[in-house]
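Below, each value reflects all heavy atoms present in this structure, side chains not excepted, and no hydrogens, waters or symmetry copies.
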Amino acid sequence: MEIWNSPYEGEDVREVHGIALPQDYIDFLRLHNGGEVNNLKRKPRPGVLKFPSWELVFFSMEDILGEEYYPIDDIWLSSRYSIGGTYQNLYTQTRTTRMGTDRHDAPHLYKLFFDTHVVIGYYAWWIREQYYRFDLIAIDKEGRYRVLRDGMAESVPKHRFGSTVTHKYGSYVTYNYCLYETPIGLLEFGVKNRQVSREELEELKAKYDKYIGPLHTGPVEWKYAHKQKEPDPWAGRTIDDVLAFFHNGKRNTH
C-alpha cells in the first residue's frame, strides 16, 4: 500500500544544516511531501487494527526542518532498539548496549550521525504489533542516499580506560571512561561533548590502571548497510534507488 502526502508547497529549500539536497529529492518533495509504503494489501476495516510486517516512511520537509520527528520518547530514532535494554558487559564490567557502547553515549553517536546527514525517513520491521528494528534513510554530504541499520551509529572503534576496584575477595577492573573514534574525530561524550587530541589519548593511557584499545583498525566510517553479496556499502543516487533497495519497490506517481 502506498500513502503519499500532498506536494510540498513551502519555500525553496536547497540544503539542510549545510548539506545540499539532490535535485531528485527536491523533485520528489514537490510531488510527494513524504509518505509511506507498506505491505498492507488494503485499508483495515473500521475498528479493526491491522499492522504491516514492514513499512517504509519518508518524512515531510516540515518534519526534517523541525527535527521533531526524530526523537521518540527522548531516544533518538534507531537507537531505540539498541538502548531499550541494558546489557551486563562482563568484558568491561559495565552496563552497555548490545553493541558494547555505554547506553548513555549511544544517543550522542546517533545525534552525530543526524548532524552530518539529512535523515529523510526510515524502514521498520514489525513483530507482534510492535516495532522490531529500524533502518535510517539519509542523504550524506556527497548527495548520496545511505541506509544505516539499527545499532550501527554506535558501532565505532572505542578506547576504554579502567580503574581497579579492590575488595576483600580480590579485585576487578571497571572500565569507567570511554573515547570514540568517529568519522569526524576522536570524541568524548558527557556534560559537554568535546574533541580529544591524540596527545591527550596517550596521557589518559598513563593515567588509568587499564586500557583497551580499538578492537579493529582501518578507516573510521559509519557502518552503512551493504547489499547482499556485495563488499561495498550501498549508496543510491535517486529515490527510486531507495525503493529498489527495499523489496524492489517502485514509486507509483499516479
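Between P22 and Y145 there is a side-chain heavy-atom pair separated by less than 4.5 Å. Under the 4.5 Å side-chain criterion, counting only non-hydrogen atoms from C-beta, N33 is in contact with E62. You'll find the side chain of Y8 stays beyond 4.5 Å of the side chain of I26, heavy atoms only. Side-chain atoms of P214 and H159, non-hydrogen and from C-beta on, do get closer than 4.5 Å to each other. Looking at heavy atoms from C-beta onward, I137 lies in side-chain contact with F246 at the 4.5 angstrom threshold. In this structure, the side chains of Y180 and D102 come closer than 4.5 Å at one or more pairs of heavy atoms. Taking the side chain as every heavy atom from C-beta outward, I139 and V16 never approach each other to under 4.5 Å. Inter-residue side-chain proximity for F59 and L29 is flagged as unmet; no heavy-atom pair is nearer than 4.5 Å.
Note that CD1 of I120 is 12.0 Å distant from OG of S60, once rounded to the nearest 0.5 Å. Once rounded to the nearest 0.5 Å, the distance linking CD1 of I212 with CZ of F161 reads 10.5 Å. Atom CD of E188 is separated from atom SG of C178 by 10.0 Å, given to the nearest 0.5 angstrom. Within the model, atoms NZ of K158 and OG1 of T101 stand 3.5 Å from one another, a figure rounded to the nearest 0.5 Å. Note that CD of E154 is 9.5 Å distant from CG of D105, once rounded to the nearest 0.5 Å. Interatomic distance, E199 CD to L204 CG, rounded to the nearest 0.5 Å: 12.0 Å.
The cluster map of Ile, Leu, Val, Met, Phe, Trp and Tyr, joined by side-chain heavy atoms under 4.5 Å apart, puts L77 and V242 in the same cluster. Y122 and W4 fall within a single hydrophobic cluster, where Ile, Leu, Val, Met, Phe, Trp and Tyr side chains are chained together by heavy-atom contacts under 4.5 Å. Both L201 and Y177 are assigned to one and the same hydrophobic cluster, defined by single-linkage of ILVMFWY side chains at heavy-atom distances under 4.5 Å. Residues V173 and Y208 fall into different hydrophobic clusters, defined by Ile, Leu, Val, Met, Phe, Trp and Tyr side chains chained together at heavy-atom separations under 4.5 Å. Under the 4.5 Å side-chain heavy-atom criterion for ILVMFWY residues, no single connected hydrophobic cluster contains both Y110 and L179.
The minimum heavy-atom distance linking V57 with E36 is given by the pair CG2-CG, 4.1 Å. Shown here for A153 and L109, the closest heavy-atom pair between the two residues is O-CB, 3.6 Å. For the pair V37 and W54, the tightest heavy-atom approach, listed with the atom from each and the gap, is O-CZ3, 3.4 Å. Of all non-hydrogen atoms in R30 and P7, the two that sit nearest each other are O-CB, 3.0 Å.
Here V165 is tied into one hydrophobic group with Y172, each link being a pair of ILVMFWY side chains closer than 4.5 Å.
Between the side chain of K223 and the main chain of E221, no donor-acceptor pair closer than 3.5 Å is present. When atom types are taken as modelled, the side chain of Y175 and the backbone of Y211 share no donor-acceptor pair closer than 3.5 angstrom. Counting only distance, with no hydrogens or angles, the side chain of D115 and the backbone of L112 share no donor-acceptor pair below 3.5 Å. Counting only distance, with no hydrogens or angles, the side chain of T182 and the backbone of I184 share a donor-acceptor pair below 3.5 Å.
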| field | Trace of the side-chain contact (heavy atoms from CB on, under 4.5 Å) decision for M61 with L21 | value | CA-CA 11 Å; M61 177 54 76; L21 301 179; 3.8 Å; yes
| request: Determine, step by step, whether L187 and Q195 satisfy the side-chain contact (heavy atoms from CB on, under 4.5 Å) criterion, reporting the C-alpha distance in whole Å, the side-chain angles of both residues, the deciding distance to 0.1 Å, and the verdict. | output: CA-CA 5 Å; L187 296 179; Q195 194 155 356; 3.9 Å; yes
| field | Pair H17-E67, side-chain contact (heavy atoms from CB on, under 4.5 Å): steps then yes or no | value | CA-CA 11 Å; H17 48 70; E67 297 189 352; 3.9 Å; yes
| request: Apply side-chain contact (heavy atoms from CB on, under 4.5 Å) to the pair W222 and R146, showing each step before the final yes or no. | output: CA-CA 10 Å; W222 301 116; R146 294 290 201 171; over 6 Å; no
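Side-chain atoms of Y224 and D140 include no donor-acceptor pair closer than 3.5 Å.
When the shell of 6.0 Å around NZ of K210 is examined, it contains 12 or fewer heavy atoms from other residues, nucleotides or ligands.
Of the candidates K207, R194, K205, R194 is the only one forming a salt bridge (charged side-chain N to carboxylate O under 4.0 Å, His left out) with E200.
With sequence neighbours excluded, the residues that form a side-chain hydrogen bond (donor to acceptor under 3.5 Å, both in side chains) with R198 are E181.
Remark: aromatic rings of F58 and F28 are close, center separation under 6.0 Å.
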